[in-house]
Amino acid sequence: ASAAEHGASSPYGGEPSGYGSRQESSRPSFRSSRPRRTRDAPDVLPVKTLVECAMLSALTGLLFHLSTLFRVDAWFGALFPLPVVIAAARHGNAAARRVAVVTTLLLFVLSGPLRAANYVFLHGGMAMCLGALWNARASWWATVPVSAAARSGGIFASLAFSSLVLRENVMKLLVTQMFGLLDQIAANVGSTASPTVGGVWACALFFVALNSVTYVAILHAVYAVVLRAVGGIDPEYVNAPERVKKVLGVPPYGAPGAAR
């Protein structure tokens, strides 16, 4: 009876047999404490989202490759950022980054590093910027200048990368051509003044900024209409002002009586 109360002795003359079992149970389990990757991890997207991102990336890469191959990319300029914006609207900024990265890798394989870099600098970065700003519910007074600045920076980055790949100073050629154009314009109007290098650079910056602002403003107007037809996106996602809605002829996104 006393052996049953205090635990039976070990057959090897050591501690009672119950002591070893308690010691084994008190040891930490390294297998259970090991961190596991779950669907709730911030860097893991659901399978359905990944499949949709892959389809959007394939569509963007094929469209960009074919349009640049047949020299019709100027006609489809508003469509290149659209898949990234759709991914940002439906699944968040992480999905938009996935679409941009996979599209870049696909274009690197299909078209080479130059065109892949042109997509990132001219369309991918600006599209991710637009998606992040619209997810943050920013107004057009913030989204238009910030996206235009990203587009302008991408233009100069694309020129610099092209100079590196082609082993020719594309920026110098651009400045030289603009210098000759301004000199010819001054001669046609009867002016004897000659443009300076600083003036040429100022004109180049002005025209790049004007092109970027115009392009981004057109994207805002087009996406305010197009994204309403895409399922799974909040009608107020683009956050267009009421005056722009009336000009575009679209109904009010939220309140039905706001257009009166």
Side-chain angles (χ1 to χ4, degrees), residues 50-91 95-134 143-144 147-166 168 170-171 173-174 177 204 207-231 233 237-238 248:
L50 292 176
V51 172
E52 184 174 342
C53 291
M55 295 178 63
L56 290 173
S57 301
L59 176 63
T60 310
L62 184 62
L63 180 63
F64 189 83
H65 175 69
L66 293 179
S67 61
T68 53
L69 185 64
F70 294 106
R71 303 300 177 88
V72 292
D73 50 331
W75 298 94
F76 298 98
L79 298 180
F80 298 143
L82 183 60
V84 178
V85 175
I86 290 177
R90 289 174 59 90
H91 306 291
R97 289 192 297 269
R98 294 288 180 93
V99 173
V101 170
V102 174
T103 303
T104 304
L105 295 176
L106 181 61
L107 287 173
F108 184 84
V109 175
L110 292 178
S111 306
L114 183 58
R115 291 183 179 177
N118 287 336
Y119 168 77
V120 174
F121 293 139
L122 299 179
H123 304 288
M126 186 201 60
M128 288 188 292
C129 182
L130 272 177
L133 290 173
W134 280 337
T143 58
V144 171
S147 302
R151 167 83 175 183
S152 300
I155 290 175
F156 288 108
S158 176
L159 292 175
F161 187 79
S162 300
S163 301
L164 180 64
V165 172
L166 301 177
E168 189 173 1
V170 181
M171 298 291 294
L173 292 177
L174 177 64
Q177 293 293 330
F207 283 114
V208 167
L210 180 63
N211 175 269
S212 300
V213 171
T214 305
Y215 176 75
V216 169
I218 292 175
L219 282 187
H220 277 66
V222 171
Y223 290 173
V225 179
V226 172
L227 290 180
R228 298 185 72 251
V230 180
I233 296 179
Y237 181 71
V238 181
L248 295 176

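Since we're looking at a predicted model, the values are computed, not measured. Basis for what follows: all heavy atoms, side chains included, without hydrogens, waters or symmetry-related copies.
V238 and H220 make their closest contact through CG1-O, 4.1 Å (heavy atoms, listed as atom of the first residue, atom of the second, distance). Considering every non-hydrogen atom in both I155 and S212, the closest pair reads CD1-OG, 3.9 Å. A87 and L56 get closest at one heavy-atom pair: CB-CD1, 4.0 Å. Of all heavy-atom pairs spanning M171 and S163, the tightest one is N-OG, 4.0 Å. Taking all atoms of both residues into account, the shortest heavy-atom contact from M128 to A100 is SD-CB, 3.9 Å. Residues N118 and S162 approach most closely at OD1-OG, 4.2 Å, considering heavy atoms.
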Let me see the working for T103 and F64 under side-chain contact (heavy atoms from CB on, under 4.5 Å), right down to the final yes or no.
-> CA-CA 9 Å; T103 303; F64 189 83; over 6 Å; no

Residue pair L106, H65: steps toward the side-chain contact (heavy atoms from CB on, under 4.5 Å) verdict = CA-CA 10 Å; L106 181 61; H65 175 69; over 6 Å; no

Derivation and outcome, side-chain contact (heavy atoms from CB on, under 4.5 Å), residues L133 and S147 | CA-CA 9 Å; L133 290 173; S147 302; 4.1 Å; yes

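Checking side-chain atoms of S158 against main-chain N and O of G154 turns up no donor-acceptor pair under 3.5 Å. Counting only distance, with no hydrogens or angles, the side chain of Y119 and the backbone of G124 share no donor-acceptor pair below 3.5 Å. Looking only at distances, a side-chain donor or acceptor of S57 sits under 3.5 Å from a matching main-chain atom of V99.
At most 12 heavy atoms of other shown residues, nucleotides or ligands fall within 6.0 angstrom of atom CZ in F108. Within a 6.0 Å sphere centred on CZ of F156, heavy atoms belonging to other residues, nucleotides or ligands number more than 12.
With no hydrogens or angles considered, no side-chain donor-acceptor pair links D73 and T68 at under 3.5 Å.
With sequence neighbours excluded, no residue forms a side-chain hydrogen bond (donor to acceptor under 3.5 Å, both in side chains) with S67. Under the rule for a side-chain hydrogen bond (donor to acceptor under 3.5 Å, both in side chains), the partners of R90 that lie at least two apart in sequence or sit in another chain are E52.
A distance of 5.0 Å separates CG of L63 from CZ of F80, quoted to the nearest 0.5 Å. Considering NE2 of H91 and CD1 of I233, their distance stands at 9.0 Å, rounded to 0.5 Å.
In summary, of the residues considered (V213, I218, L219), a side-chain contact (heavy atoms from CB on, under 4.5 Å) with Y215 occurs for L219 alone.
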